[in-house]
Amino acid sequence: MADKKVRVRFAPSPTGPLHIGGVRTALYNYLFTKKLGGDMILRIEDTDSQRYVPGAEAYIIEALTWLGIKFDEGVNFGGNYGPYRQSERKEIYKKYVDYLLSNDKAYIAFDTPAELDAKRTEIQNFQYDASTRGMMRNSLTLSKEETDKLITEGNQYVVRIKIEPNEDVIVNDLIRGEVKINSSILDDKVLYKSADNLPTYHLANIVDDHLMEVTHVIRGEEWLPSAPLHVLLYRAFGWEDTMPRFAHLPLLLKPDGNGKLSKRDGDRLGFPVFPLEWKDPKTGDISSGYRESGYLPEAVINFLSLLGWNPGTEQEIFSMDELIQAFSLDRCSKSGAKFDYEKGKWFNHKYLQMKSNEELAEMFQPILKEKGIEQPDSTVAQIIGLVKERVNFVKELWDQSSFFFVAPTSYDEKTIKKRWKEETPAQMLELVELLKPIEDFSPAHTEEVVKTWISEKGYNMGGIMNAFRLSIVGEPKGPHMYDIISILGKEETIRRIENAVNTIK
Ligand code: GLU
């Protein structure tokens with residue numbers, strides 16, 4: 001076991017868009033296996049045809065590809081352990097169901113939903129197990145002949161695991177340590193249904209983990225209650241020696257209050273809980289995604305990496321490679337991680353700052369085009385360099401920089417009241433005359449010229465600069481004035497000042 005190659009799987013059920021918690025699970029699997037030089041498998045667990053949602057599988061693959069979580073094998077990625085879609089593995093499971101049946105580890109049950117309901121009303125807290133199976137209609141209470149006859153007649157049945165009562169079941173969890181339960185609390189779970197000839201999640205999951213030689217099962221805490229049953233299934237098959245190690249990750253919790261993070265929290269507080277936008281094929285409802293909301297994949301990865309794991313240092317910014325190096329399951333916490341989406345924005349801010357102005361210009365150009373603005377990449381990049389520190393998202397660049405592209409047509413009333421004095425128009429026209437002959441319109445040079453003029457005239461520095469800014473920007477905001485006018489150029493600067501003087505009364 002020691003030098004066995006690490007193999008992990010991400011095994012989503014295609015029942016809808018991948019929740020951000022599912023992305024976190026995929027990420028931790030990826031970090032874990034890549035650190036140890038192992039493989040990552042994508043298995044699609046689609047045996048529940050009732051809950052199958054078209055488009056969900058493609059969505060999962062697209063989302064994880066966008067985020068840079070790469071698979072070595074699986075649906076869409078090939079490999080030697082396929083097929084990787086459980087609906088294509090029907091024949092494989094049948095054999096294992098038969099094995100359990102012929103070894104007295106499972107039995108056939110004919111109880112109809114109505115019969116089960118009746119039992120539930122008759123017996124409080126009814127559970128199909130060692131204490132009740134003797135009063136039900138199954139292959140343990142019926143004779144072999146009766147059982148065979150019912151099957152031949154086409155009666156529907158299920159196969160249930162036969163759980164022996166009063167045994168200790170130990171799940172050795174890499175995050176939670178030893179979790180011990182008594183088998184009597186477990187029910188004889190359905191493993192297989194004749195209705196669709198398909199195994200249930202539990203059986204397919206175990207058989208596939210075994211056949212695909214999975215070494216570690218890393219998944220959300222919501223699967224912890226299933227783990228004892230899974231251990232018993234490994235026992236029933238005689239596969240204890242190759243049983244994967246389990247690690248159940250902590251829940252993602254609401255940003256406010258208690259409980260599990262849900263889509264409703266996202267709607268209520270205004271943040272996405274899905275990696276990509278999702279359009280519900282039935283209702284047409286659209287749920288927002290991190291990608292469409294303007295998050296960079298690196299930021300989402302970094303943000304999620306710290307929701308349930310910590311590096312044990314103060315470091316917060318990690319590239320994927322750094323995460324792979326730093327990650328370990330023993331630094332994962334048992335308790336839930338609050339979903340602090342403000343921190344998500346902070347990460348996006350940080351990652352935006354790491355992009356070059358040219359890269360950001362390329363991302364911003366489509367937004368400018370939409371507004372009918374055409375400017376060369378180099379100018380856009382220069383502008384971005386002046387304002388990017390103020391934004392969390394590329395789309396916010398417009399708010400911070402629109403005045404570079406469109407001259408103000410109105411001027412902030414409050415600022416006019418406060419800053420536009422009797423003498424201002426004359427001073428601004430003087431400024432125009434001062435700027436006119438300047439050849440070198442670089443920020444350093446214009447700054448020197450204007451400052452000298454202000455001090456020689458004995459003008460109030462703040463008064464002049466505020467009026468100047470109002471004329472150029474229309475509002476009391478924006479980067480350094482001399483940086484702004486050097487990008488706008490002399491002509492445009494002068495035009496804006498004259499326009500302000502003519503407009504502001
Ligand atoms: N199909 C399960 C899911 O949707 C897989 C759970 C597991 O990893 O065992 O999460």
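One-based numbering, in listed order, for ligands and for the atoms of each.
A donor-acceptor contact closer than 3.5 angstrom is absent between the side chains of D208 and Y81.
Side-chain rings of H216 and F32 approach one another, their centers coming within less than 6.0 Å.
Atom 8 (O) of ligand 1 has R9 NH1, 2.7 Å as its closest protein atom, hydrogens excluded (heavy atom only). Of the protein's heavy atoms, W223 CZ2, 3.4 Å lies nearest to atom 3 (C) of ligand 1. Protein heavy atom in closest approach to atom 2 (C) of ligand 1: A11 O, 3.3 Å.
Ligand 1 places these atoms under 4.0 Å from at least one heavy atom of E45: 1 (N), 2 (C), 5 (C).
At a heavy-atom cutoff of 4.0 Å, ligand 1 is contacted by the side chain of Y201 but not by its backbone. When non-hydrogen atoms are compared, ligand 1 lies under 4.0 Å from the side chain of N205 (C-beta onward) but not from its backbone.
The aromatic rings of H230 and F246 sit tilted relative to each other, their planes meeting at an angle between 30° and 60°.
Remark: K279 fails to qualify as a cation-pi partner of Y59 under the 6.0 Å distance and 45° angle criteria applied to the six-membered ring. Taking the centre and axis of the six-membered ring of F347, the NZ or CZ atom of K350 falls outside the cone set by 45° and 6.0 Å.
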Problem set entry | Verdict with supporting geometry, W66 and Y295, ring-ring contact (aromatic ring centres under 6.0 Å, His included) | CA-CA 11 Å; W66 175 64; Y295 282 84; 8.7 Å; no
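The N/O atoms of V217, backbone and side chain alike, include none that comes under 3.5 Å of an N/O atom in ligand 1.
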